[in-house]
Engineer: 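Please read through the structure below; I'll follow up with questions.
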Amino acid sequence: AAGVIQSPRHLIKEKRETATLKCYPIPRHDTVYWYQQGPGQDPQFLISFYEKMQSDKGSIPDRFSAQQFSDYHSELNMSSLELGDSALYFCASSPGLSYNEQFFGPGTRLTVL
Amino acid sequence: GENVEQHPSTLSVQEGDSAVIKCTYSDSASNYFPWYKQELGKRPQLIIDIRSNVGEKKDQRIAVTLNKTAKHFSLHITETQPEDSAVYFCAASKENYGQNFVFGPGTRLSVLP
């Protein structure tokens, strides 16, 4: 079965650079969530989209923005990167109908030097 | 907002023994409670979930119980195997389009051969 696809899988950036992370949800899933997971931490919710509209917002810094496109893929844009942004970034998708199971992608490991 | 606590933070059991992980939540409106297993550097994988209209759910060696009145739910793993070793996260959510998960801090389970 098709799973959530994230790209790139690994990304190394310098401080103050920008990064774009991409997420392709499972086919026919219209809801996308972004989470940030630091070492030894639980995943922290950043932002979610349902039918291309932002549906919920968590602890996402103002330096980050995201959107969901007409094909339901989503991109997380991160600017003015800081050392503390180094983390695993997971995207999850959900059918978004009457239940809320979220299926996680493999994650993007971002390292800021 | 929702707050999820999880205990214990680490748990070591002998192979074949049972393991129990407990979570409490604060928002009485939460009605969906998934459990995720995460191996080092990998994505969280859904292992079992329960909705608030059900008190218990079982899937082979894994079971989850929910006490809505006390606002706590538990994961039970029987006949543990070394491959059960991982970090386990509980989460709470209100079922709605784009409602994010609030994760517990995680339990590192080690199954000793």
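Sequence lines set the chain letters: A, B, ... in the order given, protein chains first and strands last, and positions in each chain run from 1.
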Engineer: Determine the option with the most heavy-atom pairs under 4.5 angstrom with chain A, choosing from B/G1, B/A91, B/G104.
Structural biologist: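 Among the listed options, the one with the most contacts to chain A is B/G104.
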Engineer: Relative to chain A, which segment of B/Q45 carries a heavy atom at a distance below 4.5 Å: side chain, backbone, both, or neither?
Structural biologist: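 Neither part.
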Engineer: Can you say whether the rings of B/F101 and B/F103 are parallel (under 30°), tilted (30 to 60°) or perpendicular (over 60°)?
Structural biologist: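 Judged by the thresholds at 30° and 60°, the geometry between B/F101 and B/F103 is perpendicular.
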Engineer: Using non-hydrogen atoms and a 4.5 Å limit, figure out which bit of B/P44 sits close to chain A: side chain, backbone, both or neither.
Structural biologist: both
Engineer: Which bit of A/Q41 is near chain B, if near means a heavy-atom gap under 4.5 Å: side chain, backbone, both or neither?
Structural biologist: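 Contact with chain B: backbone only.
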Engineer: Could you check whether B/D49 pairs with B/K57 (Lys NZ or Arg NE/NH1/NH2 to Asp/Glu carboxylate O, under 4.0 Å)?
Structural biologist: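 Between B/K57 and B/D49 there is a salt bridge, with a charged N closer than 4.0 Å to a carboxylate O.
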Engineer: Determine whether the side chains of A/D56 and A/Q54 contain a donor N or O and an acceptor N or O closer than 3.5 Å.
Structural biologist: no
Engineer: Can you name the side chain to side chain contact (heavy atoms under 4.5 Å, CB included) partners of B/S18, sequence neighbours left out?
Structural biologist: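 Only B/T78 meet the side chain to side chain contact (heavy atoms under 4.5 Å, CB included) criterion with B/S18.
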Engineer: Select, from B/R43, B/Q6, B/R108, the one with the greatest count of heavy-atom pairs under 4.5 Å involving chain A.
Structural biologist: B/R43
Engineer: Using the test salt bridge (charged side-chain N to carboxylate O under 4.0 Å, His left out), find all partners of B/E5 that sit at least two apart in sequence or belong to another chain.
Structural biologist: none
